[in-house]
Amino acid sequence: MQVRRLHPWPSSVAEAESIQDRLRGHVELTGPTEFALVAGLDVHYHGDDAVTAAVVVLDGGTLAPVEQVVAEGRVAFPYVPGLFAFRELPTLIDALERLTVTPDLLVCDGYGLAHPRGFGLACHLGVLTGLPALGVGKTPFIGTHEPPGPERGAWTPIAHEGATVGRALRTQRGVKPVYVSQGHRISLDTATGQVLRLAARFRLPEPIRHADHLARHPS
DNA sequence: GCGACAG
DNA sequence: ATCTTGTCGC
């Protein structure tokens, strides 16, 4: 599939932040509610600055694997909270461009709207591809929230500066919640429903687990 | 003001 | 992210 280059690569924190501030205006918060093909994305770090990006496409109904690709690259930016996306974006884009099918939903490892400037990795990937995208975080980042109830499916809103930017979602009984936020072309209800459905067996959604495994053990 | 801060 | 043992639960 094709990915759009909507901006030059930033060479400073200020440039990176201004790119986020500009692209934020392109995010759409409504979209489809069903997805024929869902893709999970993840990056594995090794050595000083080497990264392996993996994208795994699953059948949206059966969750059977349809296609998987990996790309090797280098960390493209220093780690700065809020600018995390710039580290792995180039390698993730390389991997996406090797896909022979176009997914209908990107399930990203990180945040979307629940981000200091409202433009996390999931928003960035969504806008560059034009595809619906959502973010799944494993630890709280911004905003405040109450712990959700212990049962699978329980959730509480994540509030930040007077707005709801995501949800803490319990995907398995008695297991730490995950943090769901919108990336692009998806509602918060749909994002929550998809993550819950894709995480029927484990804490993390199946596409992210597959991508994580592939990035660690490239075939 | 200072520290903490997705992966 | 990654460096790492043992322990608990399914």
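Computation of the quantities below employed the complete heavy-atom set of this structure, encompassing side-chain atoms and omitting hydrogens, waters and symmetry-equivalent molecules. A, B, ... follow the sequence lines: proteins, then strands. Residue 1 opens every chain.
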* Asked: Touch check for A/Gly120, heavy atoms < 4.0 angstrom, all strands: base, sugar-phosphate only, or nothing?
  -> base
* Structure fact -> From CD of A/Gln20 across to C1' of B/dA6 the rounded distance in Å is 12 Å
* Structure fact -> With the side chain defined as heavy atoms from C-beta on, A/Pro81 is closest, among B/dC5, B/dG7, C/dA1, to B/dC5
* How is A/Gly135 classified with respect to the nucleic acid when contacts are heavy atoms under 4.0 Å: base, sugar-phosphate, or nothing? -> nothing
* A/Lys176 NZ to B/dA6 P: how many Å, rounded? -> 12 Å
* To do: Please report, rounded to the nearest Å, how far the C1' atom of C/dC10 is from the CZ atom of A/Arg203.
  => 18 Å
* Is A/Pro116 touching bases, backbone alone, or none of the nucleic acid, heavy atoms closer than 4.0 Å? -> nothing
* Just call it for A/Ile142: base, sugar-phosphate, or nothing, with non-hydrogen atoms closer than 4.0 Å on any strand. => nothing
* Option among A/Asp49, A/Thr91, A/Asp48 that satisfies the side chain to side chain donor-acceptor pair (under 3.5 Å) test with A/Arg74 -> A/Asp49
* C/dA1 pyrimidine/purine six-ring stacking with A/Tyr79, under 5.5 Å and 30° -> no
* To do: Determine, answering yes or no, if A/Phe141 is stacked on B/dA6 under the 5.5 Å centre rule and the 30° plane rule.
  => yes
* A/Glu151 atom CD: more than 12 heavy-atom contacts under 6.0 Å -> yes
* Structure fact -> Here the distance between atom C1' of C/dT2 and atom NZ of A/Lys138, to the nearest Å, is 13 Å
* NZ/NE/NH1/NH2 to OD/OE distance under 4.0 Å, A/Asp212 and A/Arg209 -> no
* Under 4.0 Å: is that the gap between some side-chain N or O of A/Tyr111 and OP1 or OP2 of B/dC5? -> no
* Protein-nucleotide distance (A/Asp49, atom CG; C/dT2, atom P), rounded to Å -> 15 Å
* Hey, is the side chain of A/Arg173 poking within less than 4.0 Å of OP1 or OP2 on C/dG9, counting only N and O atoms? -> no
* Over 60° means perpendicular and under 30° means parallel, so classify the ring planes of A/Phe86 and A/His7, tilted if in between. => perpendicular
* Asked: Any donor-acceptor pair under 3.5 Å between the side chain of A/His115 and the base of B/dA6?
  -> yes
* Asked: Is A/Glu34 salt-bridged to A/Arg197, cutoff N-O under 4.0 Å?
  -> no
